[in-house]
Amino acid sequence: MDLLDTLTAKGLRGEVPTREEALAVLATTDDELLDVVAAAGKVRRRWFGRRVKLNYLVNLKSGLCPEDCSYCSQRLGSKAEILKYTWLKPDQAADAARAGVAGGAKRVCLVASGRGPTDRDIDRVTDTMAAIKDADPEVEICVCLGLLSDNQAERLKAAGADAYNHNLNTSENTYGAITKTHTYADRVDTVQKAHGAGLSACSGLIAGMGESDEDLVDVVFALRELGSDSVPVNFLIPFEGTPLAKEWNLTPQRCLRILAMVRFVNPDTEVRIAGGREVHLRTLQPLGLHIANSIFLGDYLTSEGQAGQADLDMIKDAGFEVEGAGEATLPRHRADVAEAAQAGGGCGTAASACGSGGGCGPCGGHSHAAPVQETATGAVTQTPAAEDGDELRSDLVKVRRRGAGTELAPNA
Ligand code: SF4
């Protein structure tokens, strides 16, 4: 049985592949790409049908962060000309959230820049969640405020939060090259705190920061082990004015391979195409829907996505359907685990990790060794390491100038 048959069979049973199998997915060739997408698509449809969950970002507080995450346009010392503003008022945030829900979003993601929230910030977010749920009681709310202190996750849960996002971003080995002001262990700790408080864990990664295939596989297995219920896959948006501005390491084909690897390792977990979808997948975005079951609608925190209507049209044209408020996202067996963890105050095997950002590699270029791999079809080939990344496409990065924090209507 060749690689893709094995991965499909395992995925249909909800089994996790070996690390070597995951690496082999990243080493497949462009000639094999549609077969890889088709195999991942079978697994996706087994657990999630043709549903696409829409999530909507509301940036509650933008820029001026004291942390130094290299990939982030809001970081300390960032010269990126992004919107900078302090906390939105609850009614302002609720207005933005309402636009997203009206556009089809099932989950609203409330994000604030910063190392972590003060207790006063938790009060603010509590008021904001109340304003949103007053208008839309069914909407799921995910909160992303950075590193949590003791009891803050419990307070968020009691205030009505459904989930907490804190991304691991990259492998433990490379985390220190991305961020100096906090550690990988800090991020894991926050995910565990959120999970322990009964919040659904949303934790993912950022690809394209100069990391190796091994780093990608490491972080994806770590997320599986932590029990993340949703795994956002970000593709680095190399903002001018950040240390990673020149890190254009991705092609649409590479992005699809990464998504497929994430799907095979997380067959029954929500896999979300997050930031960088339009910038890096470009015209191949619809193929991504065959692998991932979740995307963000409209704009991102500091950059603009395609029009919300274009997202909806793409989903329809590709033969998928927007997941409704009354539909469960996770398969029943995963939802049962999540509910048991919530009832029991956390699950021993799963410590979801979450975070607001990615990790990043050294900003001065990437030195992936070109790995020799056996391909899905059995041929031995040398994968061009950064086969991709060649062109600087800063023309594709559009700073967000509408929606939250502006006088202009949100894109939803
Ligand atoms: S990812 Fe979050 S913590 Fe890191 S610099 Fe950006 S806003 Fe700050």
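Just so you know, ligand 1 is whichever comes first in the structure, and atom 1 is the first atom listed for that ligand.
Remark: Arg98 engages Asp95 in a salt bridge, criterion side-chain N to carboxylate O under 4.0 Å. The residues Arg124 and Asp127 are annotated as not salt-bridged, no charged nitrogen and carboxylate oxygen being separated by less than 4.0 angstrom.
Taking every heavy atom of Tyr71 and a limit of under 4.0 angstrom, the matching atoms of ligand 1 come to 1 (S). Every atom of ligand 1 with a heavy atom of Arg75 under 4.0 Å away is listed here by number and element: 5 (S). Ligand 1 places these atoms under 4.0 Å from at least one heavy atom of Ser113: 7 (S).
Taking 2.8 Å as the threshold, Cys65 counts as a candidate ligand of atom 8 (Fe) of ligand 1, since one of its N, O or S atoms lies below it.
For the residue pair Thr174 and Glu211, no side-chain donor N or O sits within less than 3.5 Å of a side-chain acceptor on the partner.
The residue among Cys72, Ala112, Gly114, Gly146 with a heavy atom at the shortest distance from atom 3 (S) of ligand 1 is Gly114.
Applying the side chain to side chain contact (heavy atoms under 4.5 Å, CB included) criterion to Leu64, with sequence neighbours excluded, gives Lys84.
At a 4.0 Å cut-off, not a single heavy atom of Ser78 sits close enough to ligand 1 to count as contact.
No side-chain donor-acceptor contact under 3.5 Å links Arg393 to the backbone of His280.
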